[in-house]
Colleague: 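Pasting in a structure now, in structure tokens, and then I'll have a few things to ask.
Quick note: numbers below take in every heavy atom, side chains included, and nothing from hydrogens, waters or symmetry partners.
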Amino acid sequence: MNLKKNYLIFVKSKGGSFVAYSPQENGFLSGKYTKETKYEEGECRNLMGRFKPEVVNHNKALLKLIAEFAESKK
């Protein structure tokens, strides 16, 4: 068995789940990026659809829903 498969088996056995990308690490969930944000050449966010200027406002609405849901769980 390889490490990835062992990791997934462990996570499942603990009732957890696995996210194949990291929206938190990329800053998506921070809400700090706007359609005016410019990324340096070679920056991975240039390749990610959720950071493209034409979808930022839509994503802000999704982030608001996520924040409201999280708040309701406190």
Colleague: Measuring from atom CG of Asn26 to atom CZ of Arg45, what distance do you get when rounded to the nearest 0.5 angstrom?
Modeller: 5.5 Å
Colleague: Which atom pair, heavy atoms only, marks the closest approach of Val56 to Lys35?
Modeller: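 For Val56 and Lys35, the tightest heavy-atom pair comes out as CG1-N, 3.7 Å.
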Colleague: What's the separation between atom CG in Asn59 and atom OG1 in Thr34, rounded to the nearest 0.5 Å?
Modeller: 12.5 Å
Colleague: Would you call the rings of Tyr39 and Tyr33 parallel, tilted or perpendicular if under 30° counts as parallel and over 60° as perpendicular?
Modeller: tilted
Colleague: To the closest 0.5 Å, what do you measure between CD (Glu43) and CG (Asn46)?
Modeller: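 Between Glu43 CD and Asn46 CG, I get 6.5 Å after rounding to 0.5 Å.
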Colleague: Taking salt bridge (charged side-chain N to carboxylate O under 4.0 Å, His left out) as the cut-off, I'd like each qualifying pair that reaches into residues 52-65, sequence neighbours left out, listed once.
Modeller: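 Non-adjacent pairs meeting salt bridge (charged side-chain N to carboxylate O under 4.0 Å, His left out): Lys64-Glu68.
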Colleague: Can you name the side chain to side chain donor-acceptor pair (under 3.5 Å) partners of Glu40, sequence neighbours left out?
Modeller: none
Colleague: Verify the cluster assignment for Ile66 and Met48: are they in a single hydrophobic cluster under the rule of side-chain heavy atoms below 4.5 Å apart?
Modeller: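 Yes, same cluster.
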Colleague: Can you tell me how far apart CG (Leu29) and CZ (Arg50) are? Round to the nearest 0.5 Å.
Modeller: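 If we round to the nearest 0.5 Å, Leu29:CG and Arg50:CZ are 8.5 Å apart.
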Colleague: For a 4.5 angstrom cut-off between non-hydrogen side-chain atoms, does Phe28 reach Leu63?
Modeller: yes
